[in-house]
Trainee: 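For reference, the structure I am asking about is given below.
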Amino acid sequence: MKLPDETQTCQNWNVLSLANLAGTGNQKKGNELRKRTFSISRAKDMPGGSPRRRSAYDPAMLSSSSSFARQLLRWYDRSRRDLPWRIDPAVGGEPNPYHVLVSETMLQQTQVATVIPYFQRFLARFPTVADLAAADEQEVLRHWQGLGYYSRARNLRAAARMIVHEFGGHMPTEPEELLQLPGVGRYTAGAVASIAFGRRAPILDGNVQRVLCRLDAIASDPRDRQTQQRLWQRAEEILPRRRVGDFNSALMELGALVCTPRNPQCLLCPVRDHCEAFASGLQEKIPAPKAAKPTPLVRRQTYCVRRADGQWLLEQRPSTGRWAGMWQFVTIAAEDPLDASAARAPAQSAAPLPIRVRRIHPMGIVTHSLTHRRYEFQVFRCEAAATGILADNCPRRWTTLERLDDFPLPKPHLRIAQMLRDQPE
DNA sequence: AAGTCGGGGGG
DNA sequence: CCCCCAGACTT
């Protein structure tokens, strides 16, 4: 995509540049940011890029200063989805900054359709930032249960507490302030600042990366550092002077609805005349797919231990690592491959169970796939022996199936709980 | 720069 | 089965 000359050599915009934050490895260095004059280099001077080719589509289209933004915003006004964290355009007004923060956090690495019901439930329970700040962490986790990446939930609660205790209960409005909040990185800071407060801050998420790579026909891996730097710079260059939040939202909306990873709908694209990938027929090849890595299989044995009064034993996971602080049925490593002997003598070749049990009964296999691992839970039902729990430091609780909702459980253990309901005895 | 952290959508 | 998704954080 070509830019109008006016924006190629930008004159002292005095915008806040976050470029020096890119990949420092410590986002909290954002404290050191100062406002400074920002100048934009031409694309051919950008690192990692070849001089830009002229496409057959570019010249006259972009002679006006914001043809791209106007076309994109016009499309957005017509086609945008009615999402619960967006203000109804018919009503107008400003988005609720707290709603924007919650939605942007939930949307990290998560598709819109998945987030919507979680967002509704979360806001019903924690209507204001003060409500969230005052909430118990376990209850916040319960409302995040099933959404994944649970550190987001704990960080969001910590961010709410910081807003209440250090920002006087008001959401910070500037990107460098937002960056101080736990769980808020460069993307989320820019999204909240632009969408909730109209600040002229760029964003770069997976959608925008793809859109910009295609517009500029950038064939290099969008994940490598130099390309990232180049894309952030482009995301800033193309910002219009007004409606920045809508413009940023529109870029993402375009990536989600039209400029999709596969089978992009170029004929429906409002800005295809600006797209170098479309001009050269490369839209299906950009960006290059990520190289897949093998995902190791992790075997576990899970014991659903029932007490004489019918309650089941849960244990709490450590406060760090996967599913941190969440609860599960008693689970131990199962190093050996699954075979018939495991069902006869389940705990023999693995770590010892923390409780004496009897009448061990196999219930089935639950599989669960994550980005880097595949889990296989071999599930057993058993009865607690009279001698009870063996001593160690892991927190444990007895609970009924009805009260299981009081505990945040990882997805595979939610499925195990359903097995218990479906297979009484 | 590479790993970790969940779970699901959609081809 | 696969890659990807309104990323942040740690090492």
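Chain letters run A, B, ... following the sequence lines, proteins first and then strands; every chain starts at 1.
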Trainee: Answer yes if the side chains of A/Asp422 and A/Gln418 hold a donor-acceptor pair under 3.5 Å, and no otherwise.
Mentor: yes
Trainee: Once you round it to whole Å, what is the distance between P of C/dC3 and CZ of A/Arg223?
Mentor: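 After rounding, the reported distance stands at 11 Å.
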Trainee: Not counting sequence neighbours, which residues clear side chain to side chain contact (heavy atoms under 4.5 Å, CB included) with A/Gln311? List them please.
Mentor: A/Arg307, A/Asp309, A/Trp398, A/Thr400
Trainee: Can a salt bridge be assigned to the pair A/Arg74 and A/Asp77 using a cut-off of 4.0 Å between side-chain N and carboxylate O?
Mentor: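 Salt bridge: no.
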Trainee: Rounded to whole angstrom units, what separation is found between the CG atom of A/Asn263 and the C1' atom of B/dG10?
Mentor: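 Those two atoms, CG and C1', are 11 Å apart.
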Trainee: What does A/Gly255 touch in the nucleic acid at a heavy-atom separation under 4.0 angstrom: a base, only the sugar-phosphate, or nothing?
Mentor: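 Contact class for A/Gly255: none.
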Trainee: In whole Å, I'd like the distance from the CD atom of A/Gln265 to the C1' atom of B/dG10.
Mentor: 14 Å
Trainee: What's A/Thr188 touching, base or sugar-phosphate or nothing? Going by heavy atoms closer than 4.0 Å.
Mentor: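 It contacts sugar-phosphate atoms only.
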Trainee: Just checking A/Ile203: base, sugar-phosphate only, or nothing, at a heavy-atom cut-off of under 4.0 Å?
Mentor: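 Result for A/Ile203 = nothing.
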Trainee: Could you state the CD-P distance from A/Gln111 to B/dG10, rounded to the nearest angstrom?
Mentor: 6 Å
Trainee: Which part of the nucleic acid, if any, lies within contact of A/Pro222, taking any heavy atom under 4.0 Å across all strands shown: a base, the sugar-phosphate backbone alone, or nothing?
Mentor: nothing
Trainee: When you measure from the side chain of A/Leu370, which nucleotide among B/dG11, C/dA6, B/dG6 comes out closest?
Mentor: B/dG6
Trainee: Is a donor-acceptor contact shorter than 3.5 angstrom present between the side chain of A/Thr110 and the base of B/dG7?
Mentor: no
Trainee: Do A/Gln138 and A/Trp327 have side-chain atoms, one donor and one acceptor, less than 3.5 Å apart?
Mentor: yes
Trainee: Just compare B/dG10, B/dG7, C/dC5 and give me whichever is closest to any side-chain atom of A/Lys411.
Mentor: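 Among B/dG10, B/dG7, C/dC5, the one nearest the side chain of A/Lys411 is B/dG7.
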Trainee: Which residue pairs satisfy the salt bridge (Lys or Arg N to Asp or Glu O under 4.0 Å) criterion with at least one member in residues 249-268 of chain A, sequence neighbours excluded?
Mentor: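 Salt bridge (Lys or Arg N to Asp or Glu O under 4.0 Å) check on residues 249-268 of chain A returns A/Arg81-A/Glu253, A/Arg86-A/Glu253.
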Trainee: Whole angstroms only, please: what is the CZ-P distance between A/Arg86 and C/dA6?
Mentor: 11 Å
Trainee: Using ring-ring contact (aromatic ring centres under 6.0 Å, His included) as the criterion, list what pairs up with A/Phe377, not counting sequence neighbours.
Mentor: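 With sequence neighbours excluded, A/Phe377 shows a ring-ring contact (aromatic ring centres under 6.0 Å, His included) to A/Tyr375, A/His413, given in chain and number order.
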Trainee: Less than 3.5 Å apart, any donor N or O on the side chain of A/Gln71 or A/His274 sitting next to an acceptor on the other?
Mentor: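 Note: A/Gln71 and A/His274 side chains meet the donor-acceptor criterion.
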Trainee: Take atom CZ of A/Arg403 as the centre, draw a 6.0 Å sphere, and report whether it contains more than 12 heavy atoms from other residues, nucleotides or ligands.
Mentor: no
Trainee: Between residues 72-81 of chain A and DNA chain B, which residues have a heavy-atom gap below 4.0 Å?
Mentor: none
Trainee: Over all strands shown, is A/Leu254 touching base, sugar-phosphate only, or nothing at heavy-atom distances under 4.0 angstrom?
Mentor: nothing
Trainee: What residues, two or more places apart in sequence or in another chain, satisfy salt bridge (Lys or Arg N to Asp or Glu O under 4.0 Å) together with A/Arg242?
Mentor: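 So A/Arg242 forms no salt bridge (Lys or Arg N to Asp or Glu O under 4.0 Å) with any residue.
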Trainee: Does A/Lys290 make a side-chain N or O approach to OP1 or OP2 of C/dC4 shorter than 4.0 Å?
Mentor: no
Trainee: In whole angstroms, how far is the P atom of C/dC9 from the CG atom of A/Leu179?
Mentor: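 Between P of C/dC9 and CG of A/Leu179: 9 Å.
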Trainee: For atom C1', what is the distance between C/dC3 and B/dG6, given to the nearest Å?
Mentor: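 Approximately 16 Å lies between the C1' atom of C/dC3 and that of B/dG6.
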Trainee: A/Asp221 side chain to A/Arg223 main-chain N or O, any donor-acceptor pair under 3.5 Å?
Mentor: yes
Trainee: Answer yes or no: is there an ion pair linking A/Asp405 with A/Arg142, defined by an N-O contact shorter than 4.0 Å?
Mentor: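 Not counted as a salt bridge, because no side-chain N and carboxylate O are separated by less than 4.0 Å.
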Trainee: May I ask you to list the residues of residues 148-158 of chain A, by number, that have any heavy atom positioned under 4.0 Å from an atom of DNA chain B?
Mentor: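 Output list: A/Gly148, A/Tyr149, A/Tyr150.
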Trainee: For A/His368 and B/dG7, is the shortest distance between a side-chain N/O and OP1 or OP2 below 4.0 Å?
Mentor: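 A/His368 to B/dG7 OP1/OP2: side-chain N or O found under 4.0 Å.
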Trainee: By nearest atom, which of the nucleotides C/dA6, C/dC2, B/dG6 is closest to the A/Trp85 side chain?
Mentor: C/dA6
Trainee: Which sits closer to the 5' end of DNA chain B, A/Asp224 or A/Pro410, going by the nucleotide each is nearest to?
Mentor: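 Its nearest nucleotide being more 5', the pick is A/Asp224.
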Trainee: A/Arg210 near the nucleic acid: base, sugar-phosphate alone, or nothing, with a heavy-atom cut-off under 4.0 Å?
Mentor: sugar-phosphate
Trainee: Mind listing the side-chain donor-acceptor pairs of residues 118-129 of chain A below 3.5 Å, one per line with the distance, residues two or more places apart or on another chain?
Mentor:
residue, atom, partner, partner atom, Å
A/Tyr118, OH, A/Gln145, O, 3.2
A/Tyr118, OH, A/Gly146, O, 3.4
A/Arg125, NE, A/Glu139, OE2, 2.6
A/Arg125, NH2, A/Glu139, OE1, 3.0
A/Arg125, NH2, A/Glu139, OE2, 3.4
A/Thr128, OG1, A/Ala130, N, 3.3
A/Thr128, OG1, A/Asp131, N, 3.1
A/Thr128, OG1, A/Asp131, OD2, 2.9

Trainee: May I have the distance from A/Leu107 (atom CG) to C/dA8 (atom P), rounded to whole angstrom?
Mentor: 12 Å
Trainee: Counting runs of three or more consecutive pairs, Watson-Crick or G-U wobble, with each distance below 3.5 Å, where are the stems of DNA chain B?
Mentor: B:1-5 with C:7-11, B:7-11 with C:1-5
Trainee: Decide yes or no on side-chain contact (heavy atoms from CB on, under 4.5 Å) for A/Arg300 and A/Gln378, but give the supporting numbers first.
Mentor: CA-CA 6 Å; A/Arg300 294 287 184 262; A/Gln378 187 181 15; over 6 Å; no
Trainee: Taking salt bridge (Lys or Arg N to Asp or Glu O under 4.0 Å) as the test, write out the residues that go with A/Arg373, two or more places apart.
Mentor: none
Trainee: P atom, C/dA8 versus B/dG8: distance in rounded Å?
Mentor: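 Looking at atom P only, C/dA8 and B/dG8 are 22 Å apart.
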Trainee: Between the protein and nucleotides 2-4 of chain B, are there any N/O to N/O pairs under 3.5 Å, and if so, what are the atom names and distances?
Mentor:
residue, atom, partner, partner atom, Å
B/dG3, OP2, A/Lys293, NZ, 2.7

Trainee: Describe the nucleic acid contact of A/Trp144 in one word from base, sugar-phosphate, nothing, applying a heavy-atom distance below 4.0 Å.
Mentor: nothing
Trainee: Taking any heavy-atom pair under 4.0 Å as a contact, classify A/Ala324: base, sugar-phosphate, or nothing.
Mentor: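 Answer is nothing: A/Ala324 stays at 4.0 Å or more from every strand.
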Trainee: Give a yes-or-no answer on whether the side chains of A/Gln328 and A/Arg317 include a donor-acceptor pair shorter than 3.5 Å.
Mentor: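 Yes, A/Arg317 and A/Gln328 have a side-chain donor paired with an acceptor closer than 3.5 Å.
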Trainee: Going by atom types alone, do A/Tyr187 and A/Gln108 pair a side-chain donor with an acceptor below 3.5 Å?
Mentor: no
Trainee: To the nearest Å, give me how far apart CG (A/Leu181) and P (C/dA8) are.
Mentor: 12 Å
Trainee: Report the residues that fulfil side chain to side chain contact (heavy atoms under 4.5 Å, CB included) with A/Tyr149, sequence neighbours left out, ordered by chain and then residue number.
Mentor: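 Result, side chain to side chain contact (heavy atoms under 4.5 Å, CB included) vs A/Tyr149: A/Gln109, A/Arg152, A/Thr371.
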Trainee: For DNA chain B, which residues in residues 112-143 of chain A have a heavy atom at a distance below 4.0 Å?
Mentor: A/Thr114
